[in-house]
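So the structure is just underneath, and the comments pick up after that.
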Amino acid sequence: MAAALLANTLYSVGFVLEKRALTSLPEVTIRQPVALLGLVLRSPLWIGGSLALAAGFGAQLAVYRTLPIAAAQGIFVSGLVLLVLLSARLLGEETTGRERYALGAILLALLMVVLSLKEGSDRVSRDAPYQLILLVCVPSLAAGVWLYGSAERRTRHRHRMPTTGVEYGVAVGLLYGVSSLAIKGVSSYLTSSGLGGAVVDLLRSPYPYLLLFTGAFGLVMSQAALQRCRASLIVPVCTTVTCLYTAVLGTLSFGESLPHDPLRLALRLAGTVLAVAVLLAMPKHDPAPQPPIGAKELTPP
């Protein structure tokens, strides 16, 4: 539990620091990844944010060794409250009433997932068949990259309303969901007796290569999206997609069975459905800016 709360804090601080650094940098784009990396690596504030995210990754490894996947995701999503507070305080971002209700509903949904857990009865799995992991992860990576590219093409249209970043958040969330499954797989090798044997076994698995792919593409995609959209919206969407993806597909892939008790099963399923429904109902565009009070409308003579 302590490691999960620490991971929440580190991830929230890391995203906010990166967002603040990106606001002072020239526009970045995924079509120029080398230039993007060159820009962000010259920013001490961005480096501080990335170090916080890396430390959160280490805390997440510890969590996956001791908690079932679904339980871990429920605790991770509680960090959205801290993220929204930090975004308002340090970035000056304001959420609309509809978005605040949506975030509250997401927290309620994940609370239902947490309540569906029962200490001692939920088994923590350590391994999964490689073929099954690849069958789940490869299509998800392709879907995430395609969705991000589709969102990019739509935003280049002139006269289009500014996007809230929901599509970006879903796309990056899919990549981070795959990354989360890979982290879960890596954590299973940390219990091996010999370090040398554990490293060799790990390199024979798909997990380090999935982490390399999601790390490289996720870094470029998330920074470009974070610069264009509000962190207080895109990060909760991304986090929710990642948590739902990991809780559902990770539980099935790693063989961590669903609750047998009808009430606990209903809570877990209802929480998942509610979170998905909220994501689908969230606004896709920011409202058009309103003219200042007292400003006169210009009309042609």
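It should be emphasised that the depicted structure is a prediction, and the values quoted were computed from it without experimental measurement.
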Which heavy-atom pair separates [X] from [Y] by the least distance, and what is that distance?
X      : Y      : value
Leu147 : Ala171 : CD2-N, 3.8 Å
Ala225 : Tyr148 : N-OH, 3.5 Å
Ser180 : Gln60  : OG-NE2, 3.5 Å
Met221 : Gly144 : CE-O, 4.1 Å
Pro33  : Val220 : CB-CG2, 4.1 Å
Val241 : Leu174 : CG1-N, 3.9 Å

Results of side chain to side chain contact (heavy atoms under 4.5 Å, CB included) for [X] - residues two or more places apart only:
X      : result
Leu141 : Leu175, Val178, Leu210, Phe213, Thr214
Leu51  : Ile47
Leu39  : Pro26, Val28, Arg42
Leu25  : Leu22, Val40, Gln227

Check your understanding: Counting only N and O atoms by type, is there a donor-acceptor contact under 3.5 Å from the side chain of Ser150 to the main-chain atoms of Trp146?
Key -> no

Review point. Under the 3.5 angstrom rule, does the side chain of Ser222 hit a backbone N or O of Leu219 as a donor-acceptor pair?
Key: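 Yes, Ser222 side chain to Leu219 backbone: donor-acceptor pair under 3.5 Å.
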
Say you draw a straight line from [atom1] of [X] to [atom2] of [Y]; how long is it, rounded to the nearest 0.5 Å?
X      : Y      : atom1 : atom2 : result
Tyr176 : Cys238 : OH    : SG    : 6.0 Å
Leu211 : Ile183 : CG    : CD1   : 6.0 Å
Thr23  : Arg20  : OG1   : CZ    : 7.5 Å
Arg31  : Leu36  : CZ    : CG    : 12.0 Å
Gln223 : Ile30  : CD    : CD1   : 12.5 Å

Review point. So do Tyr207 and Ile133 actually touch side chain to side chain, heavy atoms under 4.5 Å?
Key: yes

Point to revise | 4.5 Å side-chain heavy-atom contact, Glu18 and Ser50 | key: yes

Practice item. Could you list the residues that satisfy ring-ring contact (aromatic ring centres under 6.0 Å, His included) with Tyr245, not counting sequence neighbours? Key: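 Checked Tyr245 against ring-ring contact (aromatic ring centres under 6.0 Å, His included); zero matches.
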
Exercise for review: Could you name each residue pair satisfying ring-ring contact (aromatic ring centres under 6.0 Å, His included) that touches residues 5-63, not counting sequence neighbours?
Suggested key: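 As it turns out, there is no ring-ring contact (aromatic ring centres under 6.0 Å, His included) pair with a partner in residues 5-63 once direct neighbours are skipped.
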
